[in-house]
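Taking it in order: structure first as structure tokens, then the write-up.
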Amino acid sequence: MAEEKFVSFDQLDDAAQQKVVSDFAKFYVPHFKAKNLDILTQDDHNGDVVDINSYLNNNATFSPEELLDGVITNRAGSFKRLLTYITDQQYAQDGSSVATPWEEWYLQKTVNIPQDRG
């Protein structure tokens, strides 16, 4: 069996990018609810986290399924821009998996934050 080849987000076709957006949103929304997005704001160069969070805040009364579906549909562009800037993650060419599971990726990023001891 051949080893799966992983590529950067911008190398994926549109269908694979949409799959990644959907999977990433499933990771993102619980972190938003836990107010635990500090790592992602470091990779936010265009205010996309603010845009996504604004949508989530404005629609907080939606059911969890409606909220997830809505943010994927209405903020796909913001997710795509954010994913483009997350350069230390790679994806299967069909978008079906990531090289490092999102929770593990997030934990690794958290552990590697420099601590200010000043």
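Scope of the values below: all heavy atoms of this structure, side chains included, with no hydrogens, waters or symmetry mates.
Shortest non-hydrogen contact noted between Pro30 and Ala25 is CD-O, 4.4 Å. Nearest heavy atoms, Phe6 versus Ser97: CE2-OG, 3.8 Å. The two residues Asp10 and Gln17 have their closest heavy-atom pair at CA-NE2, 4.0 Å.
The aromatic rings of Phe9 and Tyr91 lie perpendicular to each other, with more than 60° between the two planes, well past the 30° mark. Note on ring orientation: taking the six-membered ring where Trp is involved, the planes of Tyr85 and His45 are tilted (angle from 30° to 60°). Classification of the Tyr28-Phe32 ring pair by plane angle, with boundaries at 30° and 60°, yields parallel.
A heavy-atom distance below 4.5 Å is not found between the side chains of Thr84 and Leu82. Counting only heavy atoms from C-beta outward, the side chains of Val98 and Phe24 never approach each other to under 4.5 Å. Put simply, the side chain of Ile52 reaches to within 4.5 Å of the side chain of Phe79, judged on heavy atoms. Side-chain contact between His31 and Glu103 is present, with heavy atoms from C-beta onward closer than 4.5 Å. Put simply, the side chain of Val20 reaches to within 4.5 Å of the side chain of Leu12, judged on heavy atoms. Here the side chains of Leu83 and Gln89 are not in contact, with every heavy-atom distance at 4.5 Å or above.
Rounded to the nearest 0.5 angstrom, Gln108 CD and Thr110 OG1 are separated by 10.0 Å.
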Please lay out, stage by stage, how Ile86 and Lys109 fare under the test side-chain contact (heavy atoms from CB on, under 4.5 Å). CA-CA 11 Å; Ile86 299 176; Lys109 296 283 278 188; over 6 Å; no

Derivation of the side-chain contact (heavy atoms from CB on, under 4.5 Å) call for Phe62 and Asp69: CA-CA 10 Å; Phe62 286 7; Asp69 289 346; over 6 Å; no

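Residue Val71 is tested with Asn53, Leu56, Val21 for a side-chain contact (heavy atoms from CB on, under 4.5 Å); the sole match is Leu56.
Remark: the backbone N or O of Val50 is not paired with any side-chain donor or acceptor of Ser54 at under 3.5 angstrom. In this structure, the side chain of Asp44 engages the main chain of Val49 through a donor-acceptor pair within 3.5 Å. Without hydrogens or angle criteria, Gln11 side chain to Ser8 main chain gives a donor-acceptor distance under 3.5 Å. Panel note: side chain Thr41, backbone Asp38; a donor-acceptor pair is recorded below 3.5 Å. Asn46 contributes no side-chain N or O that, together with a main-chain N or O of Asp48, makes up a donor-acceptor pair within less than 3.5 Å.
Trp105 and Asp88 are linked by a side-chain donor-acceptor pair at a separation below 3.5 angstrom, with hydrogens and angles left out of the test.
Under a 4.0 Å N-O distance rule, the pair Arg75/Asp51 qualifies as a salt bridge.
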